[in-house]
Colleague: 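Could you have a look at this structure, given as structure tokens, before my questions?
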There are 2 protein chains.
Amino acid sequence: MSQAGDDIMTRKKRARVTLEQVANHAGVSRATASLVVRGSPHISKETREKVLNSMKELGYIYDRVAANLRSQRSSTVGLIITEIGNPFFSELLVGVHEALDKEGYTVILGTTFDSPSKQDALLSTMLEYRVGGVIMSPVPGCSVDMVERLKQWEIPVVLVAREMPSGEQFDYIGIDNVAGGRLVTEHLIQQGHRRIAFLGGFSGSSAWRDRKKGYCQAFHQAGLEIDESLIIEAPATRQGGINAIKQALQHPNPPTAAFGYNDIVAFGVMLGLKEAGMIPGRDFAVVGFDNIQESSMFNPPLTTVSAFPQLIGTYAADILHQRMNGDAGEAKRLILQPELVVRESSLLHSDHQF
Amino acid sequence: MSQAGDDIMTRKKRARVTLEQVANHAGVSRATASLVVRGSPHISKETREKVLNSMKELGYIYDRVAANLRSQRSSTVGLIITEIGNPFFSELLVGVHEALDKEGYTVILGTTFDSPSKQDALLSTMLEYRVGGVIMSPVPGCSVDMVERLKQWEIPVVLVAREMPSGEQFDYIGIDNVAGGRLVTEHLIQQGHRRIAFLGGFSGSSAWRDRKKGYCQAFHQAGLEIDESLIIEAPATRQGGINAIKQALQHPNPPTAAFGYNDIVAFGVMLGLKEAGMIPGRDFAVVGFDNIQESSMFNPPLTTVSAFPQLIGTYAADILHQRMNGDAGEAKRLILQPELVVRESSLLHSDHQF
DNA sequence: GTGAAAGCGCTAACAG
DNA sequence: CTGTTAGCGCTTTCAC
């Protein structure tokens with residue numbers, strides 16, 4: 001449960017200056033010095049300056065660990081994401097970090113790599129470090145048990161980007177994946193496509209299920225039938241996209257367009273097409289999901305749907321901040337509406353620059 | 001110096017189970033329970049199990065904050081980078097985080113956005129949180145003073161990617177920017193270019209100065225003269241690249257090729273060229289630096305130099321780990337050799353796929 | 001092998 | 001406004 005593991009620790013040899021030493025040096029009590037450190041207004045100017053001088057002179061360093069222990073508070077928050085490598089999450093991280101930083105919180109980072117046991121371990125660690133709150137993107141198929149433990153200790157939890165089964169009790173910020181899936185698929189149908197593959201990602205994730213739902217809705221609304229064999233699960237990576245499109249192309253009645261679970265998959269799909277001698281955006285339409293920065297820079301530029309990761313992060317941080325300040329209202333749900341961004345990868349009639 | 005700021009804190013209402021309660025429940029002393037928690041081998045099997053059962057039953061959570069306070073150790077490390085938005089740093093973060101995680105450390109994250117005062121504040125915060133070590137990429141023009149404070153408290157510091165003036169006392173991991181700059185420039189010269197702009201970045205950063213040095217070396221070795229007016233400083237962003245190339249194109253004797261300070265700048269340069277009606281890779285050669293993931297996906301694919309950010313992160317974490325375990329040897333310098341990656345953006349004679 | 005007592009550096013509650 | 005006293009939850013001697 002704890003495993004101190006002596007080898008991972010560092011012992012400080014030179015003792016720090018303590019508040020007591022500062023107090024002695026300044027000729028006041030520890031309590032007074034403490035008040036000065038914390039900027040209390042009930043301190044006379046002279047005393048304050050005396051103490052501040054002593055602090056400077058002795059090279060005093062405030063010990064937040066001790067202070068937090070005594071006061072039973074915390075100004076750290078945990079951020080748990082699945083993968084920093086994915087730009088969607090690194091942009092989300094930017095939003096969270098920037099907002100929390102502004103409010104004076106310190107961020108402890110954890111990545112699960114989609115492993116439930118890793119996620120549990122991270123949540124434990126965060127509990128052990130007495131974080132004041134947690135922002136997390138749960139791993140697919142994650143059980144509420146562990147996360148409920150946090151709730152039990154009145155540590156607010158804000159979920160981002162992915163929902164959790166029966167996680168209605170938690171605040172959630174995400175985008176409308178159903179609407180996003182529908183937007184993308186409607187666009188492709190409007191471009192004349194009838195056989196549209198849905199590639200990459202796994203059905204374990206709520207985002208996948210919702211995007212697929214939107215995909216299906218668009219088909220139904222257009223009065224078209226869905227060919228389940230064009231829905232191919234694969235890791236949400238570039239390689240996953242490459243493999244998925246290759247499989248799709250071997251279909252006896254192959255698709256003419258593909259909806260990648262996210263932009264990374266879509267990149268893979270385009271690379272796979274090129275390897276197969278096809279030109280994405282001319283011979284085959286591709287769309288993605290997320291609108292990460294590089295999607296506009298790909299060759300050809302990728303049609304996709306904006307998922308506003310940074311904004312999600314900012315909102316999540318704001319809500320967490322409110323919760324940590326005592327807001328005990330009902331669980332909030334903030335669902336951003338995605339926006340279709342049409343680029344060349346899905347416009348087969350267009351001429352490319354190259 | 002501390003500014004507790006009541007509003008950023010959260011008070012826990014429900015008290016945690018303490019080790020004392022576990023000890024009582026199990027009918028042993030606090031000290032014994034503590035030994036069990038830490039997996040001491042000097043405990044009888046029965047006692048251990050009794051205690052472990054009580055822990056489970058009561059829902060005990062180890063309090064690392066209290067433990068660290070008492071034992072004067074720390075298993076947290078601080079990671080300070082300039083910007084998470086830049087893929088170079090997010091890949092570096094991946095390397096650091098993965099390696100530290102494996103060793104059981106917890107990472108506190110900070111970003112400076114290249115602001116020296118922000119960097120100082122972050123270092124203070126990390127000190128206040130009693131981090132056991134710090135990995136940082138110093139802001140340009142950063143003074144050693146603040147960082148020396150850490151050294152003074154025997155908190156090991158490992159510098160990554162950027163050096164610090166008179167920072168020889170610190171471990172440093174980075175790439176050979178001089179060699180990288182030379183590689184890139186030699187390549188362009190070999191392609192027949194004589195007027196090569198060096199765009200983006202600021203001379204305040206050691207990486208900039210070194211890359212420029214390499215650029216100059218290549219010119220000298222080829223017996224060519226350098227035109228200082230083709231060296232244009234600008235923010236190391238896409239927009240910076242756009243602006244810099246526009247300025248360069250207005251030169252009475254404009255360049256035929258550009259070396260972007262990093263890949264992001266190079267992307268901007270290519271976008272700027274397109275806006276000016278030129279086609280990068282056909283009318284104008286562009287190379288970057290870093291070889292971030294998206295450089296292979298750009299249109300056209302970008303010639304660049306691999307800077308191995310993730311590897312740098314991994315090495316930095318390893319060295320820090322050694323330091324935190326008492327390795328007090330001389331400051332280490334690990335300089336990775338960059339590798340030229342030739343792609344279409346610099347091969348004017350090649351035919352593109354589009 | 002286990003227990004008793006002391007104390008890490010700080011803040012809280014109350015006096016004055 | 002400032003000082004006194006107690007104690008956060010844990011680890012560390014040092015007994016036995």
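A note on names: the letters A, B, ... follow the listed sequences, proteins ahead of strands, and every chain is numbered from 1. Quantities reported herein were computed from a predicted structural model and do not represent experimental measurements.
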Colleague: For DNA chain C, whose closest nucleotide is more 5', that of B:Leu69 or that of B:Thr32?
Modeller: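 Per heavy-atom nearest nucleotide, the more 5' residue is B:Thr32.
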Colleague: Closer than 4.0 angstrom, basic N to acidic O: yes or no for B:Asp327 and B:Lys332?
Modeller: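 Looking at B:Lys332 together with B:Asp327, the answer is yes, because their closest N to O distance falls below 4.0 Å.
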Colleague: Please check the phosphate of D:dG9 (OP1 and OP2 only) for any side-chain N or O of B:Gln21 closer than 4.0 Å.
Modeller: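 Answer no for this pair, as no side-chain N or O of B:Gln21 is under 4.0 Å from OP1 or OP2.
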Colleague: For A:Leu311, give me all partners under side chain to side chain contact (heavy atoms under 4.5 Å, CB included), at least two apart in sequence or on another chain.
Modeller: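 Result, side chain to side chain contact (heavy atoms under 4.5 Å, CB included) vs A:Leu311: A:Phe308, A:Tyr315, A:Leu336.
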Colleague: Can you see if the side chain of A:Gln72 gets near the phosphate of D:dG9 - specifically, an N or O under 4.0 Å from OP1 or OP2?
Modeller: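 For D:dG9, OP1 or OP2 has a side-chain N or O of A:Gln72 closer than 4.0 Å.
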Colleague: Under the salt bridge (Lys or Arg N to Asp or Glu O under 4.0 Å) rule, what pairs show up with a residue in residues 104-127 of chain B, not counting sequence neighbours?
Modeller: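 Checked against salt bridge (Lys or Arg N to Asp or Glu O under 4.0 Å) - neighbours excluded - the pairs reaching residues 104-127 of chain B are A:Asp101-B:Lys118, B:Asp114-B:Arg162.
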Colleague: Could you tell me whether B:Arg333 and B:Glu163 have a side-chain N and a carboxylate O separated by less than 4.0 Å?
Modeller: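 A salt bridge links B:Arg333 with B:Glu163.
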Colleague: Show me the donor-acceptor pairs within less than 3.5 Å that the side chains of residues 20-29 of chain B make with the rest of the protein, sequence neighbours left out.
Modeller:
{"residue": "B:Ser29", "atom": "OG", "partner": "B:Ala31", "partner atom": "N", "Å": "3.4"}
{"residue": "B:Ser29", "atom": "OG", "partner": "B:Thr32", "partner atom": "N", "Å": "3.2"}
{"residue": "B:Ser29", "atom": "OG", "partner": "B:Thr32", "partner atom": "OG1", "Å": "3.1"}

Colleague: Verify the contact: side-chain N or O of A:Arg73 to OP1 or OP2 of C:dA12, cut-off strictly under 4.0 Å; return yes or no.
Modeller: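 Yes, such a contact exists.
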Colleague: Ignoring backbone atoms, test whether A:Arg64 places a side-chain nitrogen or oxygen under 4.0 Å from the OP1 or OP2 oxygen of C:dC10.
Modeller: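 No, outside the criterion.
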Colleague: Verify the contact: side-chain N or O of B:Tyr129 to OP1 or OP2 of C:dG9, cut-off strictly under 4.0 Å; return yes or no.
Modeller: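 It does not, given that no N or O in the side chain of B:Tyr129 lies less than 4.0 Å from OP1 or OP2 of C:dG9.
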Colleague: Donor-acceptor pair under 3.5 Å: do we get one between B:Arg16's side chain and the base of D:dG9?
Modeller: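 Answer is no: no donor-acceptor pair is held.
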Colleague: Would you mind telling me which of A:Leu79, A:Val77, A:Asp171 makes a side chain to side chain contact (heavy atoms under 4.5 Å, CB included) with A:Val158?
Modeller: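 The residue from A:Leu79, A:Val77, A:Asp171 that satisfies side chain to side chain contact (heavy atoms under 4.5 Å, CB included) with A:Val158 turns out to be A:Asp171.
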Colleague: Does anything in residues 40-49 of chain A form a side chain to side chain donor-acceptor pair (under 3.5 Å)? List the pairs, not counting sequence neighbours.
Modeller: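 The answer is A:Ser44-A:Thr47.
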Colleague: Please tell me if B:Ser44 has a side-chain N or O lying less than 4.0 Å from either OP1 or OP2 of C:dG1.
Modeller: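 No, no such contact exists.
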Colleague: Is any side-chain nitrogen or oxygen of A:Thr47 closer than 4.0 Å to OP1 or OP2 of D:dC1?
Modeller: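 So the side chain of A:Thr47 is outside the cut-off, no N or O lying under 4.0 Å from OP1 or OP2 of D:dC1.
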Colleague: At a heavy-atom distance below 4.0 Å, what parts of residues 24-31 of chain B sit against DNA chain D?
Modeller: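 Those residues are B:Arg30, B:Ala31.
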Colleague: In this structure, which stretches of DNA chain D are paired as stems of three or more consecutive Watson-Crick or G-U pairs, both distances less than 3.5 Å?
Modeller: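 Listed by first number, the stems are C:1-11 with D:6-16, C:13-16 with D:1-4.
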Colleague: Quick one: do the A:Ser34 and A:Tyr62 side chains pair a donor with an acceptor below 3.5 Å?
Modeller: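 A:Tyr62 and A:Ser34 do not have a side-chain donor-acceptor pair below 3.5 Å.
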Colleague: Going from CZ on B:Arg130 to OG on B:Ser74, what distance comes out if it is rounded to the nearest 0.5 angstrom?
Modeller: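 OG of B:Ser74 is found 8.5 Å from CZ of B:Arg130.
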